[in-house]
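Values in this document were obtained by computation on a predicted structure and should not be read as measured data. Within every chain, numbering begins at 1; the chains are lettered A, B, ... in the order of the sequence lines, protein sequences first and strands thereafter.
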Amino acid sequence: MSEAVIHDDHHDHKPSGIGRWLFSTNHKDIGTMYLVFALIMFFVGGAMSMVIRAELFQPGIQYVDPQFYNSMVTVHALVMIFGALMPAGVGLANWMVPLMIGAPDMALPRMNNMSFWILPFAFTLLLSTFFMQGGAPAGGWTMYPPLVLQLGDGFPYLVFAVHFLGISSIMGAINIIATVFNMRAPGMTFMRLPLFVWAWIITAFLLIAAMPVLAGGVTMLLTDKYFGTAFFDAAGGGDPVMFQHIFWFFGHPEVYILVLPSFGVISQIIPTFSRKPLFGYTSMVYATASIAFLSFFVWAHHMFTVGMPLTGELFFMYATMSIAVPTGVKIFNWMATMWRGSMTFETPMLFAIGVLFMFSIGGFSGLMMGITPVDFQYHDTYFIVAHFHYVIVPGIIFGIIGGIYFWLPKWTGNMYDEKLGKLHFWISTISVNVLFFPMHFIGLAGMPRRIPDYSVQFADWNSIISIGGFVFGASQLILVWVVIKCVRGGEKATDQVWEGAHGLEWTLPSPPPFHTFTTPPKVTDATAHS
Amino acid sequence: MDKKEQTSQKKELDRKNMLVVIILGSIAIGLYAGFIYFYSS
Ligand code: HEM
Ligand SMILES: [Cu+2]
């Protein structure tokens with residue numbers, strides 16, 4: 001045990017009461033709050049998807065009116081992306097980045113507090129629109145004008161919520177960059193950083209480049225509606241398609257903002273349970289950076305059908321294909337890491353392998369839709385819905401859940417219930433495929449997305465899909481149960497927790513004291529991660 | 001490490017952190033304002 005840790009134990013008083021959380025500047029507490037907030041939002045957004053699947057269980061209109069159905073689709077997406085996925089990634093970063101680089105806390109602890117507390121505020125704004133004249137946003141999470149401008153009193157709330165979410169994530173991104181640039185322990189060079197940290201630096205730069213563009217776009221929507229501008233109004237000399245360009249210039253980097261932290265997590269998990277260092281560390285770093293860079297040049301693959309010039313269509317088709325190269329490098333590196341390793345299959349590893357298989361399914365359908373001529377068939381059908389749910393649910397959410405199982409013993413000091421964890425994995429994996437795979441079929445057969453009713457030939461698959469959805473939703477309660485059980489007690493975890501775990505975070509006690517690394521550790525090749 | 005050295009190190013770190021905030025913050029604000037300005041002209 002390092003001196004720093006023993007020294008810390010003396011000073012390990014935590015503030016008490018609600019003030020501990022409200023005024024927290026501690027990266028561990030803020031990380032916990034982010035993760036709890038994300039979990040709550042996961043269930044809020046999940047409840048909305050259950051409404052969607054109930055309505056689609058049979059053709060015809062059963063439970064909700066179409067306007068409300070559209071709100072469910074729209075707000076489900078906003079809540080999941082901005083309320084569950086992004087905060088969960090930031091929560092993991094808050095907890096793990098300082099521990100992994102040997103820093104006592106985040107570089108800007110008060111800003112950290114602000115970034116978090118903006119979130120509940122922004123979501124109160126967003127969700128309050130359900131009770132307003134005109135209802136909640138219903139024109140899709142992409143907020144295309146002129147449709148989105150038809151929203152009633154909720155419209156400015158939507159716009160302000162998006163601004164606040166952007167401010168929160170930009171502040172979070174700046175904080176992570178400042179932390180990694182300025183607070184690394186002596187000897188923790190950039191090329192010794194664990195890949196999770198690398199993934200987060202790159203994500204942070206993506207956030208800083210992409211979020212302001214989204215904010216600018218929605219500001220222009222606001223001025224179009226209330227201040228007489230005509231950015232997107234053809235009658236006033238504007239161009240509604242321009243909004244789509246702006247939105248997707250943010251939107252495609254955004255999908256990598258969501259996925260890179262999850263990639264970072266599985267880059268930690270796979271070497272641990274393969275008991276081998278990560279294969280191709282340097283190429284991993286460069287591949288991640290090139291994915292991020294390229295992600296700014298592919299946005300119009302979301303707009304193949306709007307009527308672009310042929311050169312535009314071709315450019316965006318080839319650019320989209322090119323992202324497959326660095327992505328392939330990563331997938332092959334993970335497989336090579338497992339190759340001839342002494343693998344074991346604890347729950348985090350199961351989730352990580354699930355990501356490998358099922359993210360790839362989504363990646364392949366992405367490639368298909370990236371081919372301009374065939375996308376004319378897929379566009380705005382359930383095929384798209386299948387694609388992005390494969391990359392997001394078993395691709396991103398599974399990675400985050402894997403990270404939760406992986407680090408839970410470190411955070412709480414207790415081992416989680418491995419049997420329940422495995423049960424969670426298997427029920428989730430089976431049901432997620434029942435839920436999303438058939439969407440490829442009905443999409444190819446022509447069922448449009450964002451519609452509360454459909455023709456009868458899609459009925460069978462839709463009821464199967466809904467059953468998959470209900471089972472998947474219910475099985476996430478197992479996760480909650482595992483987490484609660486683990487927080488309350490269980491077999492004590494060792495400092496290293498996993499036999500194959502290496503890196504600074506595993507040298508600390510489990511759970512780590514409230515303040516860690518107040519005296520920086522010395523990092524050498526032997527103690528570095530890879 | 002004596003007290004003085006510690007405070008000067010702390011100051012140096014604060015300076016570097018603020019530098020990151022100012023640079024990246026300006027980039028973000030610049031992108032936001034620049035984008036709107038670009039489309040309004
Ligand atoms: C990194 C993981 C990925 C995520 C999270 C993701 C997410 C998404 C989302 C959310 C949409 C639907 C947007 C909407 O609401 O209209 C979408 C559409 C699309 N994605 Fe992905 N995607 C990922 C990877 C890929 C890859 C690797 C490719 C291609 C190589 C790709 C190509 C496409 C295309 C072409 C569309 C538009 C299809 C259309 O609207 O006709 N995606 N993706
Ligand atoms: Cu895209």
Side-chain angles (χ1 to χ4, degrees), chain A residues 103-112 163 166-167 169-184 201 204-224 227 229-232 237-239 242-243 245-247 249-250 296 518-520, chain B:
Chain A
D105 204 305
M106 297 291 279
L108 306 147
R110 273 171 291 208
M111 195 162 91
N112 203 12
H163 279 119
I167 292 170
S169 22
I170 289 170
M171 291 200 306
I174 292 177
N175 214 338
I176 287 169
I177 292 172
T179 307
V180 181
F181 278 27
N182 298 339
M183 314 256 298
R184 279 167 292 126
I201 307 178
F205 278 105
L206 280 178
L207 276 167
I208 290 169
M211 295 307 291
V213 177
L214 173 70
V218 296
T219 304
M220 288 186 261
L221 286 179
L222 189 78
T223 61
D224 267 14
F227 301 104
T229 59
F231 288 108
F232 310 123
D239 181 2
M242 186 51 83
F243 180 84
H245 283 291
I246 297 173
F247 183 88
F249 186 79
F250 145 81
F296 283 102
T518 37
T519 313
Chain B
M1 208 185 320
D2 65 64
K3 261 256 153 65
K4 238 193 202 142
E5 201 181 325
Q6 237 175 359
T7 31
S8 87
Q9 267 193 355
K10 173 98 182 61
K11 276 223 176 92
E12 173 64 17
L13 181 62
D14 284 348
R15 202 186 58 79
K16 284 203 291 192
N17 287 341
M18 276 326 285
L19 199 66
V20 174
V21 174
I22 291 168
I23 294 175
L24 295 178
S26 324
I27 293 177
I29 295 170
L31 273 173
Y32 171 73
F35 237 81
I36 298 180
Y37 181 76
F38 177 72
Y39 286 115
S40 51
S41 51

Report, one line per pair, each donor and acceptor closer than 3.5 Å where one atom sits in a side chain of residues 212-222 of chain A; sequence neighbours left out.
unit_1, atom_1, unit_2, atom_2, d
A/Thr219, OG1, A/His163, NE2, 2.7
A/Thr219, OG1, A/Ala215, O, 2.7
A/Thr219, OG1, B/Tyr32, OH, 2.6

Donor-acceptor pairs are to be reported for all side-chain atoms of residues 16-29 of chain B against protein atoms at under 3.5 Å, with residues two or more places apart or in another chain.
unit_1, atom_1, unit_2, atom_2, d
B/Asn17, OD1, A/Asn182, ND2, 2.7
B/Ser26, OG, B/Ile22, O, 2.4

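If you measure heavy-atom distances from A/Ile174 to chain B, the contacts under 4.5 Å come from both the backbone and the side chain. Interface remark: A/Met242 contributes side-chain atoms only to the contact with chain B (heavy atom separation under 4.5 Å). Contacts between A/Ile170 and chain B at a heavy-atom distance below 4.5 Å involve the side chain alone, from C-beta outward.
In this structure, OH on B/Tyr39 lies 14.5 Å from OG1 on A/Thr229, to the nearest 0.5 angstrom. If you take CG on B/Leu13 and CE on A/Met183, they are separated by 5.5 Å, rounding to the nearest 0.5 Å.
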